[in-house]
Amino acid sequence: MSGTCSSFSPSEEEIGAADLQDTNTNQRKPAGWKAMPFVLGNETFERLASFGLMANFMVYLQSEYHMNQVKAATLLNTWSAASNFAPVIGAYVSDAFIGKFWTIAFGSFSSLLGMIIMTVTALLPQLRPPPCSHEGQLHGQCVGQNKAQLGILIASLCWLSIGTGGIRPCSIPFSVDQFDLTTEEGRKGNNSFYNLYYTTQTIVLLITQTVVVYIQNVISWALGFGIPTLCMLFAIVLFFVGTKVYIYIKPEGSVFAAVAQVFVAAYKKRQLNLPVDEVDGQFYNPPFSRSLLLELHPTRQYSCLNKAALIVGDEVKQDGLCENPWRLCSVQQVEDVKCLINIIPIWLTSVLGFLAMNQQGTFTVAQALKMDLHFGPSIKIPAGSVGVITLIAIAIWLPFYDGVVVAALEEVTKQEGGITLLQRIGIGNLFSILTMLVSGFIETERRLSALSHGGTDGIAPMTVMWLTPQLILIGFSEIFSIVGLIEFYNKQFPEHMRSIGNSLIYLTFSFASYASSTVISVVHDVSARHGSNWLSNDINTSKLDYFYFLIAGISSLNFLFFLFCARRYHYRSSVKLM
């Protein structure tokens with residue numbers, strides 16, 4: 001295989017193994033599973049805190065802060081965007097300055113502070129607007145929040161975002177550091193860790209969508225926020241208890257400087273001509289500092305960047321090191337940058353591809369609030385828990401897909417995985433389009449039912465189970481899109497950039513949230529000026545179905561752009577050597 005990276009998963013395995021081999025500061029043997037309760041517990045409880053807030057936060061903003069659905073959705077999307085962008089910053093700070101341990105520690109205390117502030121807003125009535133009846137909320141007659149109340153609320157969200165940025169990008173790499181990947185036992189333990197990691201994440205999502213949401217809606221918001229806060233406190237104690245068994249890897253510096261050096265060096269040598277044939281000694285290709293990396297050669301793709309690795313004069317010292325890294329870069333650096341350039345267009349298409357997923361935590365909950373939430377004669381489903389249907393769909397379909405569908409596809413296509421990575425992502429994009437179309441048709445029926453047969457509370461005489469089709473479809477979209485992108489980044493990113501590659505998933509969610517907020521604001525303002533507000537405070541007089549169809553149209557155009565980028569994409573093994 002030619003190219004810049006080997007293809008295997010989990011993504012941090014090579015990095016962790018190389019770090020453990022190259023680090024002289026660690027004298028004790030990695031503790032392996034003995035360290036996992038401390039590291040994994042911290043990550044699990046952080047997700048319990050943030051997901052527990054996210055699952056029902058739309059309801060909290062509307063019921064306790066009297067925000068209309070547009071303002072609440074905008075705030076929720078903005079906070080989600082900040083939380084998903086923060087891991088990129090956290091990964092940079094960890095790699096370049098303070099290391100994984102202290103980044104996780106700082107993030108944990110930030111999350112705890114944010115949860116404490118949020119719990120206090122639920123405990124003290126002075127920090128919220130005065131109570132208001134349901135009819136007052138429906139007609140917009142409630143007293144809104146003042147600047148101080150809104151400021152305290154936003155402060156808690158900011159601390160939660162900072163905490164997310166510290167914990168999420170570092171917890172998996174730090175966990176991998178605890179396994180000795182040079183032994184078979186360590187590699188098996190590491191593979192089992194990834195299975196456990198995703199299992200605990202699913203359990204956390206189910207708990208937050210059911211138990212936590214139920215406590216918030218039925219018992220009290222203070223208790224519903226207080227429980228995750230106590231969990232976060234316990235996670236911090238657990239994390240620091242394990243300090244004597246951890247392996248600590250020193251930060252090695254950020255990859256961003258190495259990327260910048262390639263462009264600077266190529267620009268400085270732009271007047272030079274590349275040799276027609278590759279000859280030993282013409283390109284700077286020093287021995288790798290990480291023994292697991294493959295030997296690299298200059299490739300023809302983006303050949304202008306090869307000039308950055310072209311040796312001119314005495315740019316290489318006698319010890320084999322380059323004289324000036326901003327004028328001469330290694331072949332590895334150049335090929336790594338080419339990988340990034342190839343991946344960027346695919347990443348850009350994934351941003352708009354996630355628009356449909358963003359609507360499920362906001363307007364889908366708003367739909368559920370205006371439907372019959374009873375399941376049987378005595379069970380009432382919290383509106384914020386309807387997302388459990390998506391989790392169940394993922395839990396059922398994903399094992400079936402991996403165990404049955406993939407095997408059948410491999411028999412037909414004779415290809416590992418049955419389909420290519422980009423085909424899998426494309427199928428996820430199609431499911432997101434279909435989700436929005438089905439959501440629009442269901443919303444049309446719900447609104448007509450509410451206007452024709454609904455009571456004074458505006459609730460349509462339709463069971464909330466009508467939302468099942470769109471929730472199942474968005475689950476299929478996540479299975480193909482998100483899992484496909486994770487696998488794509490893991491296999492196509494350079495080995496020592498895998499943490500940055502994994503951060504792109506969070507960055508995609510971040511930009512998708514900002515894009516969703518922008519679309520919501522534009523649609524709200526434009527439709528209101530033309531006399532038919534698609535996203536008014538009363539969902540029954542809104543045209544939410546039109547909004548869903550608009551998202552389907554945007555996603556369709558994005559899918560065409562994805563097809564264009566996918567056809568032009570060169571997998572690593574398809575690039576020819578010079």
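Every heavy atom of this structure was used, including side-chain atoms; hydrogens, water molecules and symmetry mates were not.
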Are the side chain of N558 and the backbone of L352 linked by a donor-acceptor contact shorter than 3.5 Å? no
Indicate, with yes or no, if the rings of F547 and F363 have centres closer together than 6.0 Å. yes
Return yes when atom CZ of R567 has more than 12 non-hydrogen atoms of other residues, nucleotides or ligands closer than 6.0 Å, and no otherwise. no
Trace of the side-chain hydrogen bond (donor to acceptor under 3.5 Å, both in side chains) decision for Q301 with N342: CA-CA 10 Å; Q301 194 178 26; N342 274 332; 3.1 Å; yes
Just wondering, do S303 and L274 contact through their side chains at under 4.5 Å, heavy atoms? yes
Q423 side, atom CD; L409 side, atom CG - distance, nearest 0.5 Å: 9.5 Å
Ring centres of F476 and Y401 under 6.0 Å apart? no
Consider only side-chain N and O atoms of Q359 and S516, and report whether a donor and an acceptor are under 3.5 Å apart. yes
Looking at every non-hydrogen atom in both residues, tell me the closest pair between V523 and L550 and how far apart they are. CG2-CD2, 3.4 Å
Give a yes or no answer on whether the side chain of T413 reaches the backbone of G418 with a donor-acceptor pair at less than 3.5 Å. yes
Can you establish whether the number of heavy atoms outside D314 located under 6.0 Å from its atom CG is more than 12? no
Please give me the minimum heavy-atom distance between F106 and I162, naming the atom from each residue. CE2-CG2, 3.7 Å
Given P87, S108, S110, the one that forms side chain to side chain contact (heavy atoms under 4.5 Å, CB included) with I167: S108
Can you tell if the side chain of M357 reaches within under 4.5 Å of the side chain of S481, non-hydrogen atoms only? yes
Treating S94 as the side-chain partner and A91 as the backbone partner, does any N or O pair qualify as donor plus acceptor under 3.5 Å? no
What is the minimum heavy-atom distance between L310 and E315, and which atoms define it? O-OE1, 3.5 Å
I'd like to know if the side chain of K307 reaches the main chain of R270, judged simply by a donor and an acceptor atom lying under 3.5 Å from each other, with no hydrogens or angles considered. yes
Any donor-acceptor pair under 3.5 Å linking the side-chain atoms of N306 with those of K269? no
Got a sec: does the CZ of F240 have more than 12 other heavy atoms crowding it under 6.0 Å? yes
How long is the span from the CD1 atom in I346 to the CG atom in L421, to the nearest 0.5 Å? 10.5 Å
Chi angles and distances behind the side-chain hydrogen bond (donor to acceptor under 3.5 Å, both in side chains) call for S432, S477: CA-CA 6 Å; S432 69; S477 178; 4.5 Å; no
Provide the closest heavy-atom pair for H524 versus V70 in the form atom of the first, atom of the second, distance. ND1-CG2, 3.7 Å
Using a cut-off of 6.0 Å, state whether more than 12 heavy atoms not belonging to W159 lie near its atom CH2. no
Residues N358 and A512: closest non-hydrogen pair is OD1-CB, 3.5 Å
To the nearest 0.5 angstrom, please state how far the CD1 atom of I520 sits from the CD1 atom of I551. 7.5 Å
Measure up the F562 and F559 rings against each other and bin them: parallel (under 30°), tilted (30 to 60°), perpendicular (over 60°). parallel
Per the ring-ring contact (aromatic ring centres under 6.0 Å, His included) rule, which among Y569, F480, W347 passes with F488? Y569
What one should report as the nearest heavy-atom pair of T74 and S517 is O-OG, 3.7 Å
Side-chain (E335) to main-chain (Q332) donor-acceptor, under 3.5 angstrom: no
Taking the ring centre of each residue, are F174 and Y246 less than 6.0 Å apart? yes
Side chain to side chain, V334 and F283, heavy atoms closer than 4.5 Å: no
Between F256 and Y92, how do the two ring planes meet: parallel, tilted or perpendicular, split at 30° and 60°? tilted
Plane angle bin for F239 and F101 - parallel if under 30°, tilted between 30 and 60°, otherwise perpendicular: parallel
